[in-house]
Colleague: 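What follows is a single structure, and I will ask about it in a moment.
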Amino acid sequence: MTERDKYFMGRAITVAQQGMTSNTGGPFGAVVVKDDQIIAEGCNSVTSTNDPTAHAEVVAIRKACAELKTFQLDNCILYTSCEPCPMCLGAIYWARPMKVFYGCTKEDAAAINFDDQFIYDEIDKKIDARQINFVGLMREEAVKVFEQWEAKTDRTTY
């Protein structure tokens, strides 16, 4: 951890504070950095955009990918004011930054009623034991699209 890392984490914390005080959403902020430059910033904007996926990390990842014109954050570092929730963790893995720094822990978040443990628990359950009813439908038809994908020669693999 360097002084620059502390600077970028400080910026993520400031973005969290600004988003919270402007009533954009919850107290979370994130910054994407490449080559020692901030590429994108994001704060939680779930309530202001009516978008349950608008967590700080997802917002920052979307902006960074748009700025870099790519779907992967190669050679980027993500600084986030809090340990990512399960959704953001998935988005981070799909975006593939080389490192993530976080401030608060998921336990800190749970202490102020941002508790994601139930989602971690749901992921571990068999699909038919989850709180939300998941029903398989038209698998044979859906698999045909996957088969077409497998045969597609001009696809962009990710």
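Sequential numbering from 1 along the given sequence is applied to the chain's residues.
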Colleague: In this structure, would V32 and M98 fall into the same cluster of hydrophobic residues linked by side-chain contacts under 4.5 Å?
Modeller: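 No, V32 does not connect to M98 through the hydrophobic network.
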Colleague: With a 4.0 Å cut-off on N to O distance, would you call E147 and K144 a salt bridge?
Modeller: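 No, E147 and K144 are not salt-bridged.
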Colleague: Let me have the donor-acceptor pairs involving side chains of residues 18-26, under 3.5 Å, with sequence neighbours excluded, atom names and distances please.
Modeller:
residue	atom	partner	partner atom	Å
T21	OG1	Q17	O	3.0
T21	OG1	Q18	O	3.3
S22	OG	Q18	O	3.0
S22	OG	G19	O	3.2
S22	OG	T24	OG1	2.7

Colleague: Identify the two heavy atoms, one from G42 and one from A56, that lie closest to each other, and give their separation to 0.1 Å.
Modeller: O-CB, 3.5 Å
Colleague: With a cut-off of 6.0 Å (strictly less than), are more than 12 heavy atoms of other residues, nucleotides or ligands near CZ of R139?
Modeller: no
Colleague: Only distances under 3.5 Å count here; give the side-chain donor-acceptor pairs of residues 79-93 to other protein atoms, sequence neighbours excluded, each with its distance to 0.1 Å.
Modeller:
residue	atom	partner	partner atom	Å
Y79	OH	D5	OD1	2.5
T80	OG1	E57	OE2	2.9
T80	OG1	C82	O	3.2
S81	OG	G29	N	2.9
S81	OG	G29	O	3.4
E83	OE1	K106	N	2.9

Colleague: Is the shortest side-chain heavy-atom distance between L73 and I61 below 4.5 Å?
Modeller: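 They are in side-chain contact.
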Colleague: So L68 and I39, do their side chains get closer than 4.5 Å, heavy atoms only?
Modeller: yes
Colleague: Walk me through whether W149 and V145 qualify under side chain to side chain contact (heavy atoms under 4.5 Å, CB included).
Modeller: CA-CA 6 Å; W149 173 258; V145 179; 5.8 Å; no
Colleague: Roughly how far, to the nearest 0.5 Å, is CZ of R96 from SG of C76?
Modeller: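 One finds 13.5 Å between SG of C76 and CZ of R96.
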Colleague: Not counting sequence neighbours, list each pair that qualifies as a ring pair (Phe, Tyr, Trp, His ring centres under 6.0 Å) and has a residue in residues 17-66.
Modeller: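 Sorted result for residues 17-66: F28-F114.
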Colleague: Calculate, to the nearest 0.5 Å, the distance between atoms CZ and CD belonging to R155 and Q148 respectively.
Modeller: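 Spacing of CZ (R155) from CD (Q148) equals 12.5 Å.
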Colleague: For residues 12-38, which residue pairs qualify under salt bridge (charged side-chain N to carboxylate O under 4.0 Å, His left out), counting only residues two or more places apart or in two chains?
Modeller: R4-D36
Colleague: Is the closest side-chain heavy-atom distance between F101 and F8 below 4.5 Å?
Modeller: no
Colleague: Just distance, no hydrogens or angles: give the donor-acceptor pairs under 3.5 Å from side chains in residues 124-137, sequence neighbours left out.
Modeller:
residue	atom	partner	partner atom	Å
K125	NZ	E122	OE2	2.7
R130	NE	E122	O	3.1

Colleague: Any ion pair linking R11 and E41 (charged N to carboxylate O, less than 4.0 Å)?
Modeller: yes
Colleague: Using a 6.0 Å cut-off, check whether atom OH of Y102 has over 12 heavy atoms from anything other than its own residue.
Modeller: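 Incorrect, the count does not exceed 12.
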Colleague: Tell me if the CD atom of E67 is crowded by more than 12 foreign heavy atoms within 6.0 Å.
Modeller: no
Colleague: Locate the shortest heavy-atom distance separating T105 from D108; write the atom from each residue and the value.
Modeller: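 Smallest interatomic distance, heavy atoms only, reads N-OD2, 2.8 Å.
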Colleague: Going from CG on D115 to CD on E107, what distance comes out if it is rounded to the nearest 0.5 angstrom?
Modeller: 9.0 Å
Colleague: Does M9 share a hydrophobic cluster with L78, counting links as ILVMFWY side-chain heavy atoms below 4.5 Å and allowing steps through other members?
Modeller: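 In one cluster with M9: L78, no.
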Colleague: On a heavy-atom basis, which atom in A54 and which in T49 lie closest, and how many Å separate them?
Modeller: CB-OG1, 3.8 Å
Colleague: Under the salt bridge (charged side-chain N to carboxylate O under 4.0 Å, His left out) rule, what pairs show up with a residue in residues 12-24, not counting sequence neighbours?
Modeller: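 Matches after skipping sequence neighbours: none remain.
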